[in-house]
Amino acid sequence: LKPSPNNLPPGPFSWPIIGTLLPKLKKQPHVELSKLAQRFGPLMLLKFGVEPVVVASSHVAAVEVLKNQDRLLSGRFAPHSVRIKGYIEHSMVWADCTDYWKMVRKVWRTELFSTKMLDIQAHAREEKVSELMKFLIRKEGEKVNFADVIFGSILNILGALIFSKDVYDFEDRTDNNLGMKGMIRQLMILAAIPNLADLYPILGGSDFQGLRKASAACVKRMNESWAAIVKQRRKNDDHSKNDFLQVLLDSGFSDPQIDAMLLETFGPGSDTSTSTIEWAMAELLRNPEKLVKVREELDRVIRRSNNVKESDLPNLPYLHACVKETLRLHPPVTFLLPHRAMETCQMMNYTIPKGCQLMVNTYAIGRDSKTWEKPLSFLPERFLNSELDYQGNDFQYIPFGAGRRICPGLSLATRVVRLILASLLHTFDWSLPDGMHPDELDMNDKFGLALQKDIPLVVIPKLRK
Ligand code: HEM
């Protein structure tokens with residue numbers, strides 16, 4: 001394969017102005033780009049309109065992007081739909097590695113997501129999970145849209161941590177598309193629509209398709225949903241609550257900064273965790289012998305009459321291995337969030353031009369047959385007695401990313417996912433509706449994120465005897 005002109009990485013043919021034509025890209029970009037990488041190699045150049053995009057698809061390429069060139073490649077490409085006035089200036093997710101980004105990440109690391117803070121709040125999470133169990137007991141024998149219920153529970157866990165309030169009512173029969181869940185879903189759908197403004201800088205960021213306007217309306221609605229809580233907290237000057245909001249108020253953050261931070265906790269935290277639990281459940285239903293092993297471990301460690309506690313989690317290595325294996329096969333953020341080259345640099349003998357967008361295909365990396373034995377099989381055992389972890393040091397396994405931009409919610413997410421999954425399996429037997437066979441769960445063809453799939457996972461809970 002010849003490199004492109006100017007020593008750019010190789011890639012499929014690109015038309016002037018139109019860019020690379022990939023008709024199948026819309027439905028399953030991670031699968032499609034994994035196939036293309038087999039032809040063009042682990043570092044591949046595409047053109048979205050006139051914008052160059054480099055896709056890294058092997059663990060060697062990931063080391064280059066996220067370790068060797070991390071300093072130069074940790075900028076962000078912020079899609080035009082999120083460049084909303086009043087939000088983007090305070091965003092951490094879409095900022096380059098600026099001083100503000102560093103300061104916010106430090107607050108997250110030292111105050112909000114420190115082990116001490118997470119331990120203090122464990123009880124609140126356990127209580128929310130116990131409410132989920134009570135709801136499911138009421139639903140015994142009925143069909144349950146799994147992702148819907150888990151999503152609601154995770155929103156309430158985040159609500160408890162952030163401002164000590166629920167944001168989702170399990171029994172609410174009104175149109176909850178107008179609630180937090182609906183807004184997050186809407187924002188994700190809007191972000192996934194190709195935006196001409198992203199493909200052609202000459203358009204100067206015009207919002208022809210109305211995507212930014214629609215996203216701004218969702219953001220405004222979400223801000224309104226907690227405005228009264230923030231206002232009251234400020235007015236009462238009550239420091240008794242041990243939650244994120246209190247930390248942010250005590251640290252002197254302004255209202256627009258707090259709005260952005262709450263949005264960036266609820267948004268990235270909810271669908272990713274839901275998707276992981278949904279895939280884990282689907283994989284365990286498809287692999288009953290693995291389910292038996294998780295159950296045996298749960299029954300050995302936790303008495304049947306007791307609820308699962310976060311302090312039990314270190315004693316459940318097989319459950320942890322199931323979660324790790326799920327994240328290998330079904331990483332919710334298949335390409336990480338788009339990185340951007342802050343300077344021109346050299347990588348694997350190719351030139352990466354300044355301003356170029358970078359995507360790291362964690363889906364391809366997790367299924368690479370050069371690294372993983374039986375890459376398509378669900379084998380949690382591969383993580384037992386293994387040092388391999390998702391903390392960003394093992395580049396063949398990076399569901400949370402690595403380097404400066406590694407997910408700051410990692411420790412919370414892995415606690416929540418394990419706590420909910422353990423509780424679901426400890427309390428209930430799960431079956432599929434009307435004799436549906438687990439193999440019918442179309443495992444490889446669904447899009448990664450929980451709320452964007454056409455076919456939801458429907459299951460029936462039954463209390464374990
Ligand atoms: C299983 C659950 C989760 C997975 C797999 C996941 C994965 C990721 C990934 C891959 C990135 C992008 C890294 C990059 O661009 O290089 C990311 C970024 C981020 N995640 Fe997570 N995440 C999860 C849960 C959470 C939770 C629970 C929160 C917050 C409560 C969170 C907050 C964030 C934020 C704020 C960023 C942006 C960081 C930055 O740009 O500096 N995530 N996550």
Side-chain angles (χ1 to χ4, degrees), residues 26 76-95 104 145 147-159 161-163 165-169 172-198 205-231 244-245 248 253-275 332-333 335 337-338 407 409 447-454 456:
K26 206 168 155 223
R76 270 278 185 250
F77 173 81
H80 280 83
S81 65
V82 304
R83 300 188 195 176
I84 299 163
K85 210 160 164 276
Y87 157 67
I88 195 72
E89 305 86 331
H90 309 293
S91 165
M92 180 249 269
V93 173
W94 300 112
V104 174
N145 179 328
D148 255 10
V149 174
I150 302 299
F151 199 97
S153 175
I154 286 177
L155 283 182
N156 281 349
I157 288 178
L158 292 173
L161 305 189
I162 293 171
F163 39 49
K165 283 218 184 327
D166 280 354
V167 288
Y168 181 79
D169 176 2
D172 187 4
R173 307 224 180 277
T174 56
D175 179 7
N176 60 27
N177 275 334
L178 296 175
M180 175 91 71
K181 187 148 71 74
M183 290 301 119
I184 294 174
R185 174 173 200 188
Q186 188 62 19
L187 280 173
M188 280 168 40
I189 291 172
L190 290 166
I193 299 174
N195 189 347
L196 289 174
D198 291 335
S206 321
D207 193 26
F208 290 124
Q209 291 155 273
L211 297 172
R212 188 166 55 232
K213 192 168 167 222
S215 305
C218 289
V219 168
K220 183 163 176 268
R221 256 212 154 86
M222 286 182 69
N223 292 345
E224 283 165 2
S225 74
W226 55 65
I229 303 174
V230 179
K231 194 169 168 201
F244 286 10
L245 178 56
L248 298 179
F253 284 97
S254 67
D255 281 0
Q257 289 171 330
I258 290 179
D259 282 344
M261 282 197 224
L262 300 201
L263 189 75
E264 295 186 347
T265 313
F266 278 117
S270 49
D271 195 61
T272 45
S273 311
T274 306
S275 162
V333 193
F335 292 112
L337 295 173
C407 173
F447 190 42
L449 295 167
L451 288 180
Q452 292 197 353
K453 287 185 312 227
D454 301 334

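Counting from 1, the numbers follow the sequence of the chain as shown.
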message: Quick check: do M222 and I184 have side-chain heavy atoms less than 4.5 Å from each other?
response: yes
- prompt: How about N223 and Y87: do any of their side-chain heavy atoms sit closer than 4.5 Å?
  reply: no
- line: Residues V82 and I88: closest non-hydrogen pair is O-CD1, 3.5 Å
- request: Work out which heavy atom in M183 is nearest to a heavy atom in C218; give both atom names and the distance.
  value: SD-CA, 3.8 Å
field: Closest non-hydrogen atom pair, A147 against T274
entry: O-CG2, 3.5 Å
message: How close do D148 and Y168 get, counting heavy atoms only, and between which atoms?
response: O-OH, 4.1 Å
- prompt: Relative to each other, are the rings of F163 and W226 parallel, tilted or perpendicular (30° and 60° limits)?
  reply: tilted
- line: In terms of heavy-atom contacts, Q209 and L196 come closest through OE1-N, 2.8 Å
- prompt: Side-chain contact, heavy-atom cut-off 4.5 Å: P338 with W94?
  reply: yes
message: Side chains of H80 and R83, heavy atoms from C-beta outward: is any pair under 4.5 Å?
response: yes
query: Is there side-chain contact between N195 and S81, with heavy atoms separated by less than 4.5 Å?
result: yes
- prompt: So, for S215 and L187, which heavy atoms are closest and what is the spacing to 0.1 Å?
  reply: O-CD2, 3.7 Å
task: Mark yes or no for whether E264, through its side chain, and M261, through its backbone, hold a donor-acceptor pair below 3.5 Å.
output: no
